[in-house]
Amino acid sequence: MIRRAVLIVLGLIWLGPTYLLLVNASRPASSYDPASAWVPSGDFALLENFGRALESANLSQSLASTALYSVVSPLLGVIIGALAGYTIVVLRLRGGFWWFLLIFGGTIFPSQMLLVPLFVGYSDAGLYDSRFGMILLYTAINVPLAAFVLRNFYSGVAFSVFEAARMDGATTWRIFWRIYLPISFSALTAVFILEFTFIWNDLIFGLTLTQTEDVRPVMTAIAGLMTDVYAGTPVPVGLAAGLVVSLPTVILFLATQRLFARGLSLGSVQ
């Protein structure tokens with residue numbers, strides 16, 4: 001009983017910020033009062049507040065850009081990562097372990113360390129504030145995780161599968177595309193979901209490498225909207241924008257949670 005009571009109390013504390021977000025994002029913008037933030041207003045104005053945020057911050061263009069980044073970059077990332085794992089494990093690349101360390105080793109550095117060189121490099125290369133530059137960045141960030149998961153996955157696949165396909169006359173590329181890629185679908189999906197969520201929720205790279213409304217990610221646009229709270233943007237409007245924009249990642253995870261859990265278990269270290 002004591003343990004259950006403690007867990008309930010901790011759960012309520014954990015859900016407190018979520019409750020505040022839902023209550024205040026749904027109240028009319030004109031009726032927001034910090035003193036009554038914990039008390040529901042009785043009116044449901046979530047969609048109205050989100051519509052106001054779409055208009056004031058022009059979120060539609062940012063949403064389109066974020067959707068592009070969140071789909072294209074993870075797709076490229078998982079395919080390149082799968083190719084890396086396939087080359088290292090199945091094709092037995094000479095010095096494959098050191099190549100893997102080179103690919104995965106960059107993840108040990110905090111993202112904040114990369115901001116200044118990225119900004120300078122993107123500015124010099126003409127990639128600053130461009131959709132192509134953001135896709136390139138997110139793809140590069142996603143490859144190490146995909147390579148890590150797929151390397152572990154392919155290590156558990158019998159090498160005789162590759163040998164049998166070669167005996168039948170299949171090329172190395174055909175074996176990868178027709179055999180190894182399909183059997184690793186669950187692991188690929190799990191990595192894609194993780195990378196989709198990361199890109200959709202990214203703020204720091206969007207703040208550093210984008211400027212215009214049609215290129216910047218949606219979280220960067222919402223951050224700019226929230227900084228205008230003291231300049232006239234009501235708090236419920238900003239909260240509604242953040243809440244609604246976060247729904248795609250939640251829906252994606254709930255819709256694919258079984259496949260996600262299976263993919264992570266298949267890609268775990270063996």
Side-chain angles (χ1 to χ4, degrees), residues 69-122 124-125 127 132-199 202 204-205 209 260-270:
Y69 306 149
S70 299
V71 173
V72 175
S73 293
L75 281 177
L76 293 175
V78 296
I79 292 175
I80 296 173
L83 281 170
Y86 174 75
T87 303
I88 293 171
V89 175
V90 182
L91 301 185
R92 300 180 178 180
L93 178 68
R94 179 178 297 180
F97 177 74
W98 299 107
W99 281 107
F100 172 72
L101 286 185
L102 178 64
I103 295 172
F104 194 72
T107 60
I108 66 175
F109 300 104
S111 300
Q112 291 81 356
M113 293 180 59
L114 306 175
L115 297 180
V116 173
L118 272 174
F119 178 80
V120 174
Y122 266 49
D124 293 341
L127 295 174
F132 175 75
M134 296 303 293
I135 292 174
L136 186 65
L137 169 69
Y138 288 135
T139 300
I141 292 175
N142 291 332
V143 166
L145 175 61
F148 173 76
V149 174
L150 272 300
R151 172 182 175 270
N152 293 328
F153 179 84
Y154 291 146
S155 297
V157 178
F159 187 69
S160 58
V161 174
F162 177 80
E163 292 178 320
R166 290 291 290 172
M167 289 292 293
D168 290 338
T171 63
T172 301
W173 171 254
R174 187 176 180 85
I175 294 172
F176 168 75
W177 191 255
R178 299 297 297 271
I179 299 177
Y180 279 84
L181 202 61
I183 65 176
S184 59
F185 177 75
S186 296
L188 291 169
T189 302
V191 176
F192 177 87
I193 294 170
L194 284 174
E195 295 177 346
F196 177 94
T197 303
F198 165 76
I199 296 174
D202 173 62
I204 188 170
F205 291 113
L209 300 177
F260 176 76
R262 183 185 175 201
L264 287 185
S265 64
L266 289 173
S268 60
V269 179
Q270 303 181 17

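Here the straight-line distance linking atom CG of L83 with atom CG of L150 works out to 9.5 Å at 0.5 Å rounding. With values rounded to the nearest 0.5 angstrom, Y86 atom OH is found 4.5 Å from I175 atom CD1. Rounding to the nearest 0.5 angstrom, the gap separating the CG atom in L209 from the CG atom in L115 is 7.5 Å. With rounding to the nearest 0.5 Å, the separation of CD1 in I141 from CZ in F198 is 4.5 Å. The line from OG1 of T189 to CG of L194 is 11.0 Å long, rounded to the nearest 0.5 Å. Going from atom CD1 of I193 over to atom CD of E195 covers 11.0 Å, rounded to the nearest 0.5 Å.
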Contacts under 3.5 angstrom, residues 157-169 side chains, donor-acceptor by atom type, not counting sequence neighbours:
from, atom 1, to, atom 2, distance (Å)
R166, NH1, A170, O, 3.2

Donor-acceptor pairs under 3.5 angstrom involving side-chain atoms of residues 92-104: please list them, not counting sequence neighbours.
none

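A pairwise comparison of heavy atoms in Y69 and I135 identifies CD2-CG1, 3.8 Å as the closest pair. Across every non-hydrogen atom of L181 and A82, the tightest pair is CD1-CB, 4.1 Å. Across I199 and S73, no two heavy atoms sit closer than the pair CD1-CB, 3.7 Å. Here the closest heavy-atom approach between residue A187 and residue V149 is recorded as CB-CG1, 4.2 Å. Scanning both residues, A84 and A147, for their nearest heavy atoms gives CB-CB, 4.2 Å.
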Pair F153-I183, side chain to side chain contact (heavy atoms under 4.5 Å, CB included): steps then yes or no: CA-CA 10 Å; F153 179 84; I183 65 176; 4.2 Å; yes

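Legend: residues meeting side-chain hydrogen bond (donor to acceptor under 3.5 Å, both in side chains) with Y138, ordered by chain and number and at least two apart, are D202. With sequence neighbours left out, the side-chain hydrogen bond (donor to acceptor under 3.5 Å, both in side chains) criterion links S184 to Y154. Applying the side-chain contact (heavy atoms from CB on, under 4.5 Å) criterion to P110, with sequence neighbours excluded, gives Q112, M113. Residues satisfying the side-chain contact (heavy atoms from CB on, under 4.5 Å) test with S111, not counting sequence neighbours, are F205.
With a 4.5 Å cut-off on side-chain heavy atoms, L127 and L137 do not count as touching.
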